[in-house]
Novice: 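First, the structure itself, so that you have it in front of you.
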Amino acid sequence: MVVYTQEHVYRHPWDRVTAAAWRKFTDPASRTALSHVADVHTLHRRLDSDTGRLHAARSITVRSPPLPFILRRLLPSAAASPNGAALCHCVETSLVDAQRRAMDVVVRNVSLRGLIEIKERASYRPHPDRPDDWTQFRQETTIRCRPLAALAAVAEKVETRCAERFLQNSAKGREVVERICRYLEAESAGAAPSVI
């Protein structure tokens with residue numbers, strides 16, 4: 001099993017960063033940077049009138065990194081793919097508490113779970129040193145290759161390869177959020193067109 005944590009400070013206020021995070025997958029300019037994302041659909045969205053909290057769930061389909069030969073044999077779709085990649089369906093659940101300025105996101109894969117389990121937790125909070133100006137982002141990802149647990153060396157290689165790809169994609173996602181934040185900042189100052 002591979003577990004890693006990343007932290008990033010956005011030098012933008014919490015409301016701008018969370019608005020950018022919601023736009024990350026739908027922003028047309030993000031398609032190249034987030035080319036591993038094949039599809040995103042909102043499954044449900046509910047605002048709790050008592051607490052003011054937003055509960056949301058989205059379906060996200062991503063392309064896996066090229067899989068090792070042994071896993072391609074277990075996945076007909078990856079075996080048929082020219083580069084040995086497979087589509088992985090994930091569910092993202094989000095809880096946004098605007099009053100407390102807290103946003104928590106959990107992503108889990110729902111397909112390929114017989115081969116690999118991935119769980120990602122992310123949080124967005126005002127930065128403790130500059131709560132009105134900056135946002136602290138924290139992400140923890142767990143990757144576990146299930147069927148190869150008996151073959152520890154192979155499992156470790158698959159988990160490490162997946163972790164490397166997740167780290168690359170996370171960096172791309174942060175870059176997209178940063179770009180959208182800059183756009184939103186310019187838009188609020190009247191220096192940007194009204195459409196991203």
Side-chain angles (χ1 to χ4, degrees), residues 1-27 29-30 33-37 40 42-48 51-62 64-65 88-110 112-113 116-145 156 158-185:
M1 179 167 56
V2 173
V3 179
Y4 65 90
T5 303
Q6 300 180 81
E7 291 189 11
H8 179 72
V9 176
Y10 290 102
R11 293 175 182 255
H12 298 278
W14 179 87
D15 57 336
R16 184 179 301 144
V17 173
T18 54
W22 280 108
R23 291 182 176 193
K24 177 171 66 172
F25 296 125
T26 58
D27 174 27
S30 303
L34 303 177
S35 60
H36 64 285
V37 178
V40 178
T42 299
L43 300 174
H44 76 81
R45 213 175 6 216
R46 178 179 61 85
L47 182 63
D48 185 324
T51 64
R53 293 178 182 164
L54 173 67
H55 301 263
R58 296 193 287 189
S59 163
I60 302 172
T61 303
V62 295
S64 75
C88 181
H89 303 287
C90 305
V91 172
E92 172 195 83
T93 56
S94 301
L95 174 62
V96 182
D97 187 335
Q99 186 175 348
R100 285 184 40 239
R101 296 197 301 168
M103 181 164 125
D104 295 301
V105 180
V106 177
V107 180
R108 294 175 195 239
N109 64 310
V110 293
L112 308 181
R113 286 184 65 84
I116 193 160
E117 288 182 358
I118 300 163
K119 181 178 180 181
E120 179 182 282
R121 292 181 172 275
S123 65
Y124 298 81
R125 300 286 189 277
H127 192 279
D129 296 336
R130 297 190 61 182
D132 293 330
D133 302 318
W134 295 355
T135 303
Q136 187 169 38
F137 171 74
R138 180 176 165 81
Q139 180 182 43
E140 181 181 287
T141 305
T142 305
I143 302 170
R144 183 171 155 229
C145 192
E156 184 178 336
V158 170
E159 292 164 350
T160 300
R161 183 180 286 176
C162 287
E164 289 167 356
R165 181 59 66 95
F166 271 88
L167 287 167
Q168 291 168 0
N169 290 340
S170 293
K172 291 176 186 177
R174 287 191 305 274
E175 289 169 14
V176 166
V177 170
E178 287 281 6
R179 183 186 49 74
I180 296 172
C181 281
R182 288 190 300 274
Y183 177 86
L184 293 173
E185 181 178 32

Novice: Enter the distance from Glu175:CD to His8:NE2 here, rounded to the nearest 0.5 Å.
Specialist: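 NE2 of His8 is found 9.5 Å from CD of Glu175.
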
Novice: For the residue pair Pro128 and Gln136, what are the closest heavy atoms and their distance?
Specialist: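 Looking at all heavy atoms of both residues, the closest pair is CD-OE1, 3.5 Å.
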
Novice: Indicate the ring-plane relationship of Tyr10 and Tyr124, choosing parallel, tilted or perpendicular according to the 30° and 60° boundaries.
Specialist: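 Parallel.
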
Novice: Would you give the length of the straight line joining atom CZ of Arg174 to atom CG of Asn169, rounded to the nearest 0.5 angstrom?
Specialist: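 So the CZ of Arg174 and the CG of Asn169 are separated by 10.5 Å.
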
Novice: Indicate the atoms forming the closest heavy-atom contact of Asn109 with Ile116, along with that distance.
Specialist: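 Scanning both residues, the minimum pair turns out to be ND2-O, 2.8 Å.
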
Novice: Which heavy-atom pair separates Ala102 from Trp14 by the least distance, and what is that distance?
Specialist: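 Smallest interatomic distance, heavy atoms only, reads N-CZ2, 3.4 Å.
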
Novice: Using 4.0 Å as the upper bound for N to carboxylate O, is an ion pair formed by Asp132 and Arg101?
Specialist: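 Yes.
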
Novice: For the atom pair CE (Met103) and CG (Asp97), what is the distance rounded to the nearest 0.5 Å?
Specialist: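 If we round to the nearest 0.5 Å, Met103:CE and Asp97:CG are 12.5 Å apart.
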
Novice: Given side chains that start at C-beta, do those of Arg179 and Ser30 come closer than 4.5 Å, heavy atoms only?
Specialist: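 Arg179 vs Ser30: side chains touch.
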
Novice: Looking at Pro131 and Pro126, what are the two nearest heavy atoms and their distance?
Specialist: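 Of all heavy-atom pairs spanning Pro131 and Pro126, the closest is O-CB, 3.4 Å.
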
Novice: If the threshold is 4.0 Å, N to carboxylate O, is there a salt bridge linking Asp104 and Arg138?
Specialist: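 The answer is no: the pair does not qualify as a salt bridge.
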
Novice: For Arg121, is there an ion pair with Glu140 - N to carboxylate O distance below 4.0 angstrom?
Specialist: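 Salt bridge between Glu140 and Arg121, a charged N being under 4.0 Å from a carboxylate O: no.
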
Novice: Evaluate the side-chain proximity of Val9 to Arg130: yes if any heavy-atom separation is below 4.5 Å, no if none is.
Specialist: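 Counting from C-beta outward, Arg130 and Val9 never come under 4.5 Å.
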
Novice: State, to 0.1 Å, how close Leu184 and Ala20 come at their nearest heavy-atom pair, and which atoms those are.
Specialist: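 Heavy-atom minimum between the residues: CD1-N, 4.0 Å.
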
Novice: Count the heavy atoms of every other residue, nucleotide or ligand shown that sit under 6.0 Å from CD of Glu7, and state whether that count exceeds 12.
Specialist: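 Yes, because the 6.0 Å sphere around CD of Glu7 holds more than 12 heavy atoms from other groups.
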
Novice: Return the CG to CD distance between Leu167 and Gln6, rounded to the nearest 0.5 Å.
Specialist: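 The distance works out to 5.0 Å.
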
Novice: Return the CD1 to CZ distance between Ile143 and Arg165, rounded to the nearest 0.5 Å.
Specialist: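 It is 11.5 Å, given to the nearest 0.5 Å.
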
Novice: Could you tell me the separation between the OG1 atom of Thr142 and the CE atom of Met1, rounded to the nearest 0.5 Å?
Specialist: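 If I round to the nearest 0.5 Å, the distance is 6.5 Å.
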
Novice: Between Leu54 and Arg45, is a side-chain contact (heavy atoms from CB on, under 4.5 Å) present by the stated rule, with each step listed?
Specialist: CA-CA 7 Å; Leu54 173 67; Arg45 213 175 6 216; 3.7 Å; yes

Novice: Above 12 or not: heavy atoms from other molecules or residues under 6.0 Å from CZ of Arg108?
Specialist: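 No.
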
Novice: Taking all atoms of both residues into account, what is the closest heavy-atom pair of Arg58 and Val40, and its distance?
Specialist: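 For Arg58 versus Val40, the nearest heavy atoms are CD-CG1, 4.1 Å.
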
Novice: Closer than 3.5 angstrom, by distance alone: can the side chain of Asp48 be matched with the main-chain N or O of His55 as a donor-acceptor pair?
Specialist: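 Checking the backbone N and O of His55 against the side chain of Asp48, no donor-acceptor pair under 3.5 Å is found.
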
Novice: Does Trp134 reach the side chain of Val17, with side-chain heavy atoms less than 4.5 Å apart?
Specialist: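 They are not in contact (no side-chain heavy atoms under 4.5 Å apart), so the answer is no.
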
Novice: Is a side-chain N or O of Thr135 found less than 3.5 angstrom from the main chain of His12, in a donor-acceptor match?
Specialist: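 Yes; judged by distance alone, with no hydrogens or angles, the pair exists.
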
Novice: Under 4.5 Å between any side-chain heavy atoms of Gln168 and His36, yes or no?
Specialist: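 No - every pair of side-chain heavy atoms lies 4.5 Å or more apart.
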
Novice: So do the side chains of Val96 and Trp22 get within less than 4.5 Å of each other, counting heavy atoms only?
Specialist: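 Side-chain contact under 4.5 Å: yes.
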
Novice: Taking C-beta and beyond as the side chain, do Val176 and Leu34 meet within less than 4.5 Å on heavy atoms?
Specialist: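 Val176 vs Leu34: side chains touch.
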
